[in-house]
Amino acid sequence: MAVNNRSIPKKRASTTVSGREKRPARAVDLGTRKEILEAALTAFSRDGFDGASLPKIAEIAKIAHPLIHYYFGSKDNLWRETVDYAFGGLVAEATAVEAASRGLSPLHRLRVMVQAFAQFAARYPDHLGLIMAEMRSDSERLAWLRKNYLNAFLGRLARALKDAQEQNEIKKIPVDHLSFILIGSIVSYFSINFDPPRNEKSEELANRHAKWVLEVILNGINA
């Protein structure tokens, strides 16, 4: 059971579409797109690309099936827009964190980046499921996702680790191993944790988990 604090109530837009009907008002347009993207994220994360049919996504979103074609055209395009919906914010956040922490020591910059990723993972555990669904299929979509989204974050994390190594703040362990040790310890906690703490805000839980991840990585578990 993943930790999920996205409990924002949703207003459903009208689903009636006819022939050459005018486009919905802008607010309804954006609202319906978001409903479809949320439903697609749920379906793609749970069932993978092949298992997530457009009728199933429409059923989750509680909309008429033709609306998906109306807004997104094809299943492939819907998947790509769902990826951007899920990870565009992470890339923007990583860019902002790197810029804001440029004056800090590499080790402090590393702490900020790990904490930011933990915050993202705690808020949006379903987003991580989208990655794992593609990893199971080892598809071209995974390569596209990594190239356009994940590498933007992983590259910044790798730079922080390399800078910390050059300043002799951390051991010279291969950066690719260090990156995935850090990321994996956060992803697994917020996406496949079967017994998450109850009644705890995602922000507080993320900060606490990031603290312990860094404690173990930087100082070990020896008493």
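The model shown is predicted, which means the values in this text are computed figures rather than measured ones.
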**Asked** Looking only at heavy atoms, what is the nearest atom pair of Phe44 and Ala133, with distance?
**Response** O-CB, 3.4 Å

**Request:** List in chain and number order the residues that pass side chain to side chain contact (heavy atoms under 4.5 Å, CB included) with Ser188, two or more places apart in sequence or in another chain; answer none if no residue qualifies.
**Result:** Ile192

**Request:** Report the relative orientation of the aromatic rings in Trp144 and Trp79; use parallel for angles under 30°, tilted for 30 to 60°, perpendicular for over 60°.
**Result:** tilted

**Request:** Begin with the C-alpha distance, continue with both residues' side-chain angles, and end with the deciding distance and a verdict on side chain to side chain contact (heavy atoms under 4.5 Å, CB included) for Tyr124 and Leu41.
**Result:** CA-CA 11 Å; Tyr124 308 118; Leu41 178 59; over 6 Å; no

**Prompt:** For residues 85-99, which residue pairs qualify under salt bridge (charged side-chain N to carboxylate O under 4.0 Å, His left out), counting only residues two or more places apart or in two chains?
**Reply:** Glu93-Arg123, Glu98-Arg156, Glu98-Arg159

**Verdict with reasoning, Phe117 to Leu90, per side chain to side chain contact (heavy atoms under 4.5 Å, CB included)** = CA-CA 8 Å; Phe117 182 72; Leu90 176 62; 4.1 Å; yes

**Backbone of Phe120 reached by a side-chain donor or acceptor of His127 within 3.5 Å** = no

**Request:** Report the residues that fulfil ring pair (Phe, Tyr, Trp, His ring centres under 6.0 Å) with Phe87, sequence neighbours left out, ordered by chain and then residue number.
**Result:** none

**Fill in**
Shortest non-hydrogen pair, Leu130 vs Val83, comes out as CD2-CG2, 3.8 Å

**Message:** Just verifying a value: how many Å separate Glu134 CD and Leu150 CG, rounded to the nearest 0.5 Å?
**Reply:** 11.0 Å

**Prompt:** If you count the non-hydrogen atoms of other residues, nucleotides and ligands that lie under 6.0 Å from NZ in Lys75, is the total more than 12?
**Reply:** yes

**Asked** Sequence neighbours excluded, which residues qualify as side chain to side chain contact (heavy atoms under 4.5 Å, CB included) partners of Asn77?
**Response** Phe72, Ser74, Glu81

What donor-acceptor contacts under 3.5 angstrom involve side-chain atoms of residues 46-57, with partners at least two apart or in another chain?
{"from": "Ser53", "atom 1": "OG", "to": "Lys56", "atom 2": "N", "distance (Å)": "3.2"}
{"from": "Lys56", "atom 1": "NZ", "to": "Gly51", "atom 2": "O", "distance (Å)": "3.1"}

**side chain to side chain contact (heavy atoms under 4.5 Å, CB included) against Ala206, all qualifying residues, sequence neighbours excluded** = Ala118, Gln119, Ala122, Phe190

**Message:** So does Ala61 get a backbone contact from the side chain of Glu38, meaning a donor-acceptor N/O pair under 3.5 Å?
**Reply:** no

**Prompt:** Taking atom CZ of Arg146 and atom CG of Asn151, what is their separation to the nearest 0.5 Å?
**Reply:** 5.5 Å

**Prompt:** To the nearest 0.5 Å, how far apart are CE in Met113 and CG in Leu157?
**Reply:** 5.5 Å

Kindly list each side-chain donor-acceptor pair under 3.5 angstrom involving residues 210-222, sequence neighbours excluded, with atom names and distances?
{"from": "Glu215", "atom 1": "OE1", "to": "Asn219", "atom 2": "ND2", "distance (Å)": "3.1"}
{"from": "Glu215", "atom 1": "OE2", "to": "Asn219", "atom 2": "ND2", "distance (Å)": "3.4"}

**Request:** Would you indicate whether Arg208, at its atom CZ, is surrounded by more than 12 heavy atoms from other residues, nucleotides or ligands within a distance under 6.0 Å?
**Result:** yes

**Value rounded to 0.5 Å, distance of CD1 in Ile36 from CD1 in Ile68** = 5.5 Å

**Prompt:** In chain order, what residues pass the side-chain hydrogen bond (donor to acceptor under 3.5 Å, both in side chains) check against Glu204, with sequence neighbours excluded?
**Reply:** none

**Fill in**
So side-chain hydrogen bond (donor to acceptor under 3.5 Å, both in side chains) across residues 101-115, not counting sequence neighbours, yields Ser105-His108, Arg109-Asp163, Gln115-Asn207

**Residues which pass salt bridge (Lys or Arg N to Asp or Glu O under 4.0 Å) with Arg80, listed by chain and number, not counting sequence neighbours** = none

**Message:** Could you measure the distance from the CD1 atom of Ile63 to the OH atom of Tyr70? Nearest 0.5 Å is fine.
**Reply:** 12.5 Å

**Prompt:** Tell me, do Ile173 and Leu161 make a side-chain contact under 4.5 Å, heavy atoms counted?
**Reply:** no

Kindly list each side-chain donor-acceptor pair under 3.5 angstrom involving residues 175-183, sequence neighbours excluded, with atom names and distances?
{"from": "Ser179", "atom 1": "OG", "to": "Val175", "atom 2": "O", "distance (Å)": "2.9"}

**Asked** Side chains of Val91 and Phe153: closer than 4.5 Å at any heavy-atom pair?
**Response** no

